[in-house]
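For reference, the structure discussed in these notes is given below.
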Amino acid sequence: MSEDVLKKVISHAKEYGFIFQSSEIYDGLSATYDYGQNGIALKNNIKEYWWKSMVQLHENIVGIDAAIFMHPTTWKASGHVDAFNDPLIDNKDSKKRYRADVLVEDYCAKIETKIDKEVEKAAKRFGDSFDKEMFLKTNPRVLEYQKEIETALSRLAKSLTDNDLEDVKKLIEELGIADPISGSRNWTDVRQFNLMFGTKLGSTADTATDLYLRPETAQGIFVNFLNVQRTGRMKIPFGIAQIGKAFRNEIVARQFIFRMREFEQMELQFFVAPNTEMEFYEKWKQTRLQWHLNLGMGEENYRFHDHEKLAHYANAAADIEFNFPFGFKELEGIHSRTDFDLKQHQEFSGKKLQYFDSERNESYIPYVVETSIGLDRMFLALLSKGLKEEQLPDGTERTVLKITPALAPVKAAILPLIKKDGLPEIAEKIFDDLKLDFLVEYDEKDSIGKRYRRHDAIGTPFCITIDHDTLADDSVTIRERDSMEQKRVKITEIHSIMSKEVSMTSLLKNLL
């Protein structure tokens, strides 16, 4: 069922100009995608919502845009050269390559599906009296499933922390995990695989410097800590935000745009005084969850997942997981990174990266709380949860993309009923009046019904139809996407209606 949903999302994304396979005329390039005309509009709106919620709504957060290329010692200091690895395993029969940890996580996800089925059966059996929370805590079969998941994930985390790759293979074998394609259980040993892309800087091969495409955007913030702090006269606590491309040579890039080799991150590094990091860690967990809930995709589709295995720089870490078509997966990470990054860069660069705290009357290396969200994953969450197929009262069906109006690629479609009698001229004037403040489209091709369906499919919140009555009373019909309700309004009222219903301001107000 979930595979069918994802296939529909992928098909819809291409058909309506959201996402195309990169280099498609040359048969494409694995796990790389191009955003089409509606895709880039939606993507830019997500960026704007994140950027304004971080930088514009917080007096103590500023933004930067650091270069993709960085001095190679950066990645030695950060630990990426030595520790940025994934456990790799091959199936000897199918010749397919997998991440060993993902095989175990997918195995556990299948057990979670069994738990969901038990809940569904019990809910049907007990009806309105069903207490889901109590059922999950007391049902013997569910408890057995939960114990199996916990045991497997805890052992995996310990083995990876200890770099005991032999035990990771043993765990896969003991769980009876088979190749998803061939069903074979004939596995190679597990080995580490560094995820960074290497490149060269220089005009000739013998003098070129080895560089890396950055695997994360965070280090560009850390190396600019003092530049921003001094020029912005920033006082602890303060944050630096950044949106940018990152690159990882994923072993298995899959699930459409969920895991790609070239992707975009929206990250905040929030600098705090030592021993205050856990307070800010908890605060940012709730702040970021509220940012997601504000989009109206349902509280039940989010959950926190605390990390069993912490990264080398962290003393606490949690993911905000979202219920994608393929189950709950990481959408955003919140990490307490301690003072690891600034301390490392201070050591490797020989430059002091300390902050003088006038209130404490002492200098220290700040601690950092990070929030990091994948822009492409956020895009997929909106697309997959918003895409609906609805049965209408007249027996017909429609495909509609129900996303928050402020994020919709096109805010309104301007539709003259017919291409004559002066209607196009009025429609063009309305279009010109709105286009300075909103991304709107003028559309006169096909019947009005087909035009409605086309704009439902790309998520356009309003369709504004100009008909013969407009000539007489200067009013138009506004059709709302989700309810399909239509009402007559004066042309002079259109702008104020749009400002109230589709502006980014209306979305941001809920965060104050």
Side-chain angles (χ1 to χ4, degrees), residues 12 16-18 37-46 48-49 294-297 382-383 385-390 392-393 396 398-419 423-471 473-510:
H12 189 88
Y16 289 96
F18 285 93
Q37 66 276 21
N38 289 319
I40 190 58
L42 174 55
K43 197 177 186 186
N44 284 340
N45 290 340
I46 298 170
E48 183 184 359
Y49 175 47
N294 192 33
L295 296 173
M297 290 194 286
L382 284 162
L383 201 62
K385 200 54 65 178
L387 191 61
K388 312 285 184 187
E389 290 183 354
E390 295 183 343
L392 302 181
T396 61
R398 73 162 180 163
T399 299
V400 57
L401 184 61
K402 292 187 174 182
I403 56 176
T404 306
L407 298 188
V410 178
K411 299 299 187 284
I414 316 301
L415 314 174
L417 190 62
I418 58 174
K419 293 189 281 186
L423 302 187
E425 287 76 8
I426 298 174
E428 286 171 1
K429 186 176 185 310
I430 293 172
F431 175 82
D432 289 339
D433 287 343
L434 294 176
K435 70 182 182 183
L436 285 174
D437 297 304
F438 311 100
L439 182 59
V440 291
E441 274 190 12
Y442 178 91
D443 190 354
E444 60 179 23
K445 187 179 178 183
D446 296 325
S447 69
I448 195 70
K450 284 184 178 179
R451 283 181 274 172
Y452 283 162
R453 291 291 175 270
R454 187 157 57 237
H455 282 281
D456 285 345
I458 66 170
T460 305
F462 294 106
C463 287
I464 301 168
T465 304
I466 296 86
D467 55 26
H468 288 94
D469 288 338
T470 306
L471 299 170
D473 60 10
D474 289 328
S475 65
V476 296
T477 299
I478 287 192
R479 174 187 179 272
E480 197 269 333
R481 179 195 67 204
D482 294 351
S483 66
M484 296 191 293
E485 288 182 0
Q486 300 185 20
K487 63 180 180 179
R488 297 293 291 186
V489 302
K490 291 291 185 182
I491 292 174
T492 53
E493 297 173 355
I494 296 173
H495 196 285
S496 63
I497 292 171
M498 295 280 290
S499 296
K500 180 183 176 184
E501 300 293 338
V502 307
S503 71
M504 192 63 70
T505 302
S506 63
L507 190 60
L508 290 169
K509 275 182 180 177
N510 298 327

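Not measured: the values here are computed from a predicted model.
Few gaps surround NZ on Lys490; more than 12 heavy atoms of other groups in view lie less than 6.0 Å from it. Within 6.0 Å of the CD atom in Glu425, the count of heavy atoms belonging to other residues, nucleotides or ligands exceeds 12.
Heavy atoms only, all atoms of each residue included: Leu407 and Lys411 are closest at C-NZ, 4.3 Å. Closest of all the heavy-atom pairs between Tyr16 and Arg454 is CE2-O, 4.4 Å. Across all non-hydrogen atoms, the minimal contact from Phe462 to Ile478 is CD2-CG2, 3.5 Å. Residues Ile466 and Ile414 share a closest heavy-atom pair of CD1-CG2, 3.8 Å. Looking at every heavy atom in both residues, Arg398 comes nearest to Arg481 through NH1-O, 2.9 Å. Considering all non-hydrogen atoms of both residues, Asp446 and Arg451 come closest at O-NE, 3.1 Å.
Lys402 has a carboxylate O that lies under 4.0 Å from a charged side-chain N of Glu390, or vice versa, which qualifies the two as a salt bridge. The pair Asp456-Arg453 meets the salt-bridge criterion, since a charged nitrogen lies less than 4.0 angstrom from a carboxylate oxygen. Salt bridge Asp467/Arg488: present, at least one basic N to carboxylate O contact under 4.0 Å.
The main-chain N or O of Leu508 is never found under 3.5 Å from a side-chain atom of Asn294 such that the two would form a donor-acceptor pair. For Thr470 (side chain) and Val476 (main-chain N/O), no donor-acceptor pair under 3.5 Å exists by modelled atom type. In this structure, His12 contributes its side chain and Ala457 its backbone to a donor-acceptor pair below 3.5 Å. Proximity of a side-chain donor or acceptor of Asn45 to a complementary backbone N or O of Ala408 within less than 3.5 Å is detected.
Counting only heavy atoms from C-beta outward, the side chains of His455 and Asp443 approach each other to under 4.5 Å. Ile418 is listed as a side-chain neighbour of His468, based on a closest heavy-atom distance under 4.5 Å. Counting heavy atoms from C-beta on, the side chains of Met484 and Val400 never come closer than 4.5 Å. Looking only at side-chain heavy atoms (C-beta outward), Ile426 and Asp474 stay at 4.5 Å or farther from each other.
Expressed to the nearest 0.5 Å, how far CG of Leu295 lies from CD1 of Ile403 amounts to 9.5 Å. Taken from CD1 in Ile448 to NZ in Lys450, the straight-line distance is 13.0 Å, to the nearest 0.5 Å. Expressed to the nearest 0.5 Å, how far CG of Leu401 lies from NZ of Lys385 amounts to 13.0 Å. Here the CG-CG distance, from Leu42 to Leu439, works out to 11.5 Å after rounding to the nearest 0.5 Å. Rounding to the nearest 0.5 angstrom, the gap separating the OG atom in Ser506 from the NZ atom in Lys500 is 10.0 Å. To the nearest 0.5 Å, the span separating NE2 on His495 from CD1 on Ile430 amounts to 12.5 Å.
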